[in-house]
Amino acid sequence: MNLMYNSTRNAEDRVTASQAILKGLAEDGGLYVPERIPALELPLASLAGMSYQETAYAVMKQFLTDYSEEELKDCIRRAYDDKFDTEEIAPLRKAGEAYYLELFHGATIAFKDMALSILPYLMTTAAKKNHETHEIVILTATSGDTGKAALAGFADVPGTRILVFYPKHGVSPVQELQMVTQKGANTCVVGILGNFDDAQSGVKRLFADKKLGEELREQGFCFSSANSINIGRLVPQIVYYVYAYGRLLKDGKLLAGEPMNVVVPTGNFGNILAAFYTKNMGLPIEKLICASNENKVLFDFFRTGTYDRNREFVLTSSPSMDILISSNLERLIYHASGQNAAVNAALMRELSEAGRYTVTEEMRTRMGDFAGGYATEEQTFAEIRRVYTESGYVLDTHTAVASSVYHNQFAKECGSVPAVIASTASPYKFARSVMTAIHEAKYREMDDFTLIDELQGITGTPIPRAIEEIRSTPVLHDTVIEKDEMEAAVKHFLLS
């Protein structure tokens, strides 16, 4: 029997997994969620002997039930191949007392590759299954990493086009270069004069614009999304937490059934929501530690029960977390409301109209698995320096936020329970911040690529292919627009 998906804002909007992936966002603006979270149907002890690909199939078949075994295994085989620079796909490295789950070994050296390597295959398979004849237009907003990973995944995929909006002055130089040098006849990258929340809100408005949708459908196009609002992004992220537990079992750090803790640097909430789903599948996760940077809207929410985006937007050294509207939190709110779409829809209206909402005490109790913490810029840089000095291991700025939150706020109370920290990006992607943290005076005046060479010298690891490629690749996308010009940019890309 197929597992069906409902909109978080309308329980009557009920679709299959492939339909949810194809649509991306529900017509009412809600996000698709499974009507129940399925159990992990295998003994925990067996995880120790499973490859990443085998783990992916065991997890994803529970959620994507209208895909055949052959279809799903083909998607997995094509996604998790030699475009990752390690056979393990997601290695688990111990540094000090914590375990860092390295999610940055894919084509764009950030954790978004873990899901965006497979999403194009899931989506094109879904199109065939649902007899979709229109060209699929992927509209995506990015705070730095999703954009490049989506572009790389969908570049030159037949039957698709992809347009990525990013905040022109809100990503790192390497992140921007990775996007604006992207090849592919079906790709388009546009900078907006605003922040990530402006880009994300603009994309949601485009999805909700029925007149625009009808106009483009008449021209042979239909919208979908590669952002984590798409359930096809979220399900593959569950896999790596299950895999990490298997690595701990294999290495003798846990016995089957013993718990681990998970620490995730997050802005849009999708990565830690995947850990929540993992726990609800039956994996023994004790704490879900949500780590924020100075844009600590999630920390304040878990502390007070009030989500309030009416605050200063801070540009930090961890730009992929510089977010005040955490889209995936809506899925957690829906679960905490007892899957009450009307309650959730009312709260989302409050957020849209007033910029804030407050959940009930009962809902807060249902979110009791989560704990929040945050790290300042100073603490983030200090953590990079501490970990490097003590173990020789180099963290990127986002991972350092999570590592700082864990070591400074949770390590003592977690005791002997292993902590798996999601390492979401390669330090090479944020070389200036990383090298400044390690030795500010020495590296302050160097250009970005010299800093990358210096980083290679201290880590002894090869410079990723994704970095080498952008040293001399020409810029192919140089459009910059005001934030209210996004619809015009879409039409220009598709119709001109």
Side-chain angles (χ1 to χ4, degrees), residues 3-17 19-20 23-38 63 197 200-201 203-205 207-208 210 225 227-231 233-235 237-238 264 266-281 288 290 292 296-311 323-372:
L3 176 65
M4 303 298 287
Y5 288 76
N6 299 326
S7 167
T8 52
R9 302 184 191 182
N10 178 6
E12 302 303 313
D13 185 351
R14 194 165 176 264
V15 297
T16 65
Q19 289 169 338
K23 286 171 172 277
L25 190 69
E27 290 182 13
D28 54 32
L31 281 61
Y32 285 114
V33 291
E35 55 188 6
R36 58 179 174 79
I37 299 176
F63 285 91
D197 289 332
Q200 180 171 250
S201 297
V203 165
K204 285 186 174 181
R205 280 194 297 273
F207 271 101
K210 288 185 170 59
S225 175
N227 279 100
S228 56
I229 57 176
N230 192 316
I231 197 69
R233 272 280 306 275
L234 192 63
V235 169
Q237 291 179 275
I238 297 168
V264 185
T266 190
N268 217 12
F269 204 73
N271 204 2
I272 196 165
L273 183 71
F276 171 78
Y277 277 31
T278 308
K279 180 181 172 99
N280 282 273
M281 289 188 80
L288 297 166
C290 178
S292 300
K296 56 187 182 69
V297 63
L298 288 167
F299 167 76
D300 289 339
F301 170 68
F302 285 116
R303 182 174 56 87
T304 67
T306 295
Y307 192 94
D308 190 350
R309 65 174 172 83
N310 300 311
R311 61 182 69 206
I323 295 170
L324 295 181
I325 304 174
S326 302
S327 288
N328 266 287
L329 186 63
E330 178 171 347
R331 285 186 165 112
L332 179 63
I333 297 300
Y334 175 77
H335 288 292
S337 70
Q339 298 189 315
N340 189 319
V343 169
N344 177 75
L347 291 172
M348 294 307 112
R349 277 196 301 273
E350 284 185 47
L351 180 64
S352 176
E353 295 167 3
R356 68 195 303 272
Y357 61 80
T358 299
V359 299
T360 65
E361 285 303 314
E362 182 180 5
M363 291 173 70
R364 290 188 70 186
T365 299
R366 288 176 176 163
M367 293 186 284
D369 292 337
F370 288 88

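- Residue pairs meeting the salt bridge (Lys or Arg N to Asp or Glu O under 4.0 Å) criterion with at least one partner in residues 346-359, sequence neighbours excluded, are Asp308-Arg356.
- The nearest pair of heavy atoms linking Ala341 to Ser7 is CB-O, 4.4 Å.
- In this structure a side-chain-to-backbone donor-acceptor pair under 3.5 Å is missing from Ser326 to Leu329.
- Listed by chain and residue number, nothing satisfies the side chain to side chain donor-acceptor pair (under 3.5 Å) test with Ser225 (two or more places apart in sequence, or in another chain).
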For residues 361-368, run the donor-acceptor check on the side chains, cut-off 3.5 Å, and write out each pair with its distance to 0.1 Å, sequence neighbours left out.
unit_1, atom_1, unit_2, atom_2, d
Glu362, OE2, Arg366, NH2, 3.0
Arg364, NH1, Thr304, O, 3.3
Arg364, NH2, Phe302, O, 3.4
Arg364, NH2, Arg303, O, 3.0
Thr365, OG1, Glu361, O, 3.0
Arg366, NH1, Ala336, O, 2.9

TODO: Start with the C-alpha gap between Phe207 and Val203, add the side-chain angles, then the distance that decides, and say whether side-chain contact (heavy atoms from CB on, under 4.5 Å) holds.
DONE: CA-CA 6 Å; Phe207 271 101; Val203 165; 3.6 Å; yes
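- Residues Phe269 and Ile323 fail the side-chain proximity criterion, which asks for heavy atoms closer than 4.5 Å.
- When all heavy atoms are compared, the tightest approach of Thr8 to Gly30 is OG1-CA, 3.5 Å.
- Taking the six-membered ring for Trp and thresholds of 30 and 60 degrees, Tyr277 and Phe63 have nearly parallel ring planes, at less than 30 degrees apart.
- Within the 4.5 Å cutoff, side-chain heavy atoms of Ile37 are placed close to those of His335.
- Within the 4.5 Å cutoff, no side-chain heavy atoms of Phe370 are placed close to those of Leu298.
- Put simply, the side chain of Asn280 never gets that close to the backbone of Arg36: no donor and acceptor are under 3.5 Å apart.
- For Thr278, there are no side chain to side chain donor-acceptor pair (under 3.5 Å) partners at least two apart in sequence or on another chain.
- With sequence neighbours excluded, the residues forming a side chain to side chain donor-acceptor pair (under 3.5 Å) with Thr306 are Thr358, listed by chain and number.
- Within the 3.5 Å criterion, the main-chain N or O of Thr266 finds no donor-acceptor partner in the side chain of Asn271.
- Proximity of Thr16 to Met4: side-chain heavy atoms (C-beta onward) are separated by under 4.5 Å at one or more points.
- Applying the salt bridge (Lys or Arg N to Asp or Glu O under 4.0 Å) definition to pairs two or more places apart or across chains, none involves residues 333-344.
- Between Ser327 and Ile229, the closest heavy-atom pair is CB-CG2, 3.9 Å.
- Taking CG from Asn344 and CG from Leu332, the interatomic distance works out to 10.0 Å, rounded to the nearest 0.5 Å.
- Annotation: side chain to side chain donor-acceptor pair (under 3.5 Å) contacts of Tyr5 (sequence neighbours excluded): none.
- Counting only residues at least two apart or on different chains, the ring pair (Phe, Tyr, Trp, His ring centres under 6.0 Å) pairs with a member in residues 346-369 are Tyr307-Tyr357.
- Closest approach of Leu324 and Asp197 over heavy atoms only: N-OD2, 2.8 Å.
- Taking Ser228 as the reference, Arg233, Asn268, Asn328 meet the side chain to side chain contact (heavy atoms under 4.5 Å, CB included) condition, with sequence neighbours excluded.
- Taking 4.5 Å as the limit, every side-chain heavy atom of Phe276 sits out of range of all side-chain heavy atoms of Arg331.
- In plain terms, the two heavy atoms of Pro34 and Leu3 that are nearest each other are CB-CD2, 3.9 Å.
- Using a 4.5 Å heavy-atom threshold, the side chains of Arg311 and Asp300 count as touching.
- For residues 4-15, the salt bridge (Lys or Arg N to Asp or Glu O under 4.0 Å) pairs, not counting sequence neighbours, are Arg9-Glu330, Arg14-Glu35.
- With sequence neighbours left out, Tyr32 forms a ring-ring contact (aromatic ring centres under 6.0 Å, His included) with no residue at all.
- For Lys279, the side chain to side chain contact (heavy atoms under 4.5 Å, CB included) partners are Ile285, Leu288, Asp369, not counting sequence neighbours.
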